[in-house]
Amino acid sequence: MFVVSKKNFIIQRADGSKYRIGKGYTGEIPEDVAKARLVQAAIKGGSIIAPPSHADKDIRAANKSKK
């Protein structure tokens with residue numbers, strides 16, 4: 001899943017390891033991390049944006065709609 005993060009997140013993975021999503025991170029995250037409750041809640045709350053594509057205009061539009 002392609003995301004843009006507005007905050008820092010540390011996700012606990014099923015194997016016990018941790019996955020960090022840093023503030024300002026723009027890029028792909030693993031599918032298991034994308035399905036984590038914390039990530040899904042952050043997407044709903046607007047702290048993580050998951051635009052439909054990687055195009056700059058789609059990222060800007062998603063970012064504006066979540067402010």
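Only this structure's heavy atoms are used, side chains among them; waters, hydrogens and symmetry mates stay out.
In this structure, the side chain of Glu28 engages the main chain of Met1 through a donor-acceptor pair within 3.5 Å.
For the pair Lys35 and Gln40, the tightest heavy-atom approach, listed with the atom from each and the gap, is O-CG, 4.0 Å. In terms of heavy atoms, Val39 sits closest to Ala34 at CG1-O, 3.7 Å. Smallest separation of non-hydrogen atoms from Asn8 and Lys23: OD1-N, 2.6 Å.
Of the options Thr26, Ile43, Val4, Val3, a side-chain contact (heavy atoms from CB on, under 4.5 Å) to Ile49 is made by Val4 and by none of the others.
Considering only heavy atoms from C-beta on, Val33 comes within 4.5 Å of Ile21 through its side chain.
The distance from atom CD1 of Ile48 to atom CZ of Phe9, rounded to the nearest 0.5 Å, is 4.5 Å.
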